[in-house]
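Just the heavy atoms: all of them, side chains too, but no hydrogens, waters or symmetry mates, feed the values below. For clarity, every value in this text was computed on a predicted model and none was experimentally measured.
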Amino acid sequence: MTERSTRGTERRSLNLGIALLALGLYFLVARHLHFRGPGPILLLIGTILFLVSAMRDFRGPMVAAGVLIGLGCAFLVRDPLERWMPGWATILLGIGAGLLLAAALDRAAGRDRRPGTLAPGVALVGLALATAVARNLRLSEDFYDAAWRLWPWALVAAGAVLVARALAKKNPA
């Protein structure tokens, strides 16, 4: 067998595996969640885009596929999660998770997408989780006062770290 035919067989196997994984996950989700609203159609469109991207060696509409899959899942779990987080936070969590999926697949493929999807994904997931924590964890008023006084220092520290890294790369001596 030649190297080219071996690669073609491996690619078909990968594509078939991804398709079976997507179908199996769809049927598992359909069994355990109520399929209503925009969730199922968003999930279906995202899965189709994901499969198109997979057939093209994960080149193509990865970000759109990740965001639509995340949004579809968020709409499906929004009602069950309502006790822990507001509906808008669940939507942010889904979008962020989709962006993180795209970032992970880009990283695995060795691609560097500009602008990257990692930072916005982490920010959206962090905001959604912070909302869930704030809704379910009661903190004292002193904590909120301290956080309000100290948050600008976090910006100063982050800026200092970025400037130091940039200067270190510029002057490698």
Side-chain angles (χ1 to χ4, degrees), residues 3 7 10-11 14-15 17-18 21-22 25 38-39 42-43 45-78 81 84-173:
E3 182 179 333
R7 263 191 274 154
E10 289 174 356
R11 184 174 175 190
L14 174 66
N15 292 343
I18 290 172
L21 179 68
L25 286 173
L42 291 171
L43 199 56
I45 294 169
T47 302
I48 290 169
L49 291 176
F50 184 79
L51 292 174
V52 166
S53 183
M55 287 189 266
R56 298 175 63 206
D57 293 327
F58 291 104
R59 295 184 192 283
M62 255 337 290
V63 175
V67 168
L68 288 173
I69 288 171
L71 265 175
C73 291
F75 275 110
L76 291 175
V77 300
R78 186 174 53 174
L81 292 180
W84 294 289
M85 64 177 37
W88 63 266
T90 306
I91 301 300
L92 287 184
L93 182 64
I95 294 170
L99 290 172
L100 291 177
L101 172 66
L105 290 173
D106 281 342
R107 171 75 55 108
R111 281 190 292 281
D112 189 27
R113 185 181 302 270
R114 295 288 178 197
T117 58
L118 182 64
V122 168
L124 291 175
V125 168
L127 182 61
L129 294 178
T131 301
V133 168
R135 181 181 232 190
N136 296 300
L137 181 68
R138 300 294 178 226
L139 299 173
S140 71
E141 193 68 32
D142 293 335
F143 176 80
Y144 289 115
D145 288 339
W148 183 251
R149 281 185 284 112
L150 297 176
W151 76 267
W153 289 102
L155 294 177
V156 170
V161 167
L162 291 174
V163 168
R165 282 187 183 170
L167 291 176
K169 287 182 182 179
K170 190 175 182 180
N171 301 323

Would you mind reporting whether [Y] and [X] have side-chain heavy atoms less than 4.5 Å apart?
X	Y	result
L43	F75	no
T117	L100	no
W84	L81	yes
L124	L99	yes

Report the distance from atom CG of L155 to atom CG of L150, rounding to the nearest 0.5 Å.
12.0 Å
OG of S53 to CD1 of I48, rounded to nearest 0.5 Å, is 13.5 Å
State, to 0.1 Å, how close [X] and [Y] come at their nearest heavy-atom pair, and which atoms those are.
X	Y	answer
V125	L93	CG1-CD1, 4.0 Å
A128	A89	CB-O, 3.3 Å
G46	A65	O-CB, 3.6 Å
A102	V63	CB-CA, 3.9 Å
M85	A132	CE-CB, 3.5 Å
A74	G94	CB-CA, 3.9 Å

side-chain contact (heavy atoms from CB on, under 4.5 Å) with V133: which residues, sequence neighbours excluded?
L137
If a pair satisfies side chain to side chain donor-acceptor pair (under 3.5 Å) and one of its residues is in residues 145-154, list it, with sequence neighbours excluded.
none
Mark yes or no for whether T90, through its side chain, and R78, through its backbone, hold a donor-acceptor pair below 3.5 Å.
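Answer holds: no.
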I'd like to know if the side chain of T131 reaches the main chain of L127, judged simply by a donor and an acceptor atom lying under 3.5 Å from each other, with no hydrogens or angles considered.
yes
Any salt bridge (Lys or Arg N to Asp or Glu O under 4.0 Å) involving residues 85-107? Give me the pairs, sequence neighbours left out, ordered by first then second residue.
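Qualifying pairs, neighbours excluded: D106-R111, D106-R113.
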Run L105 and F50 through side-chain contact (heavy atoms from CB on, under 4.5 Å) and show every step you take.
CA-CA 11 Å; L105 290 173; F50 184 79; 3.5 Å; yes
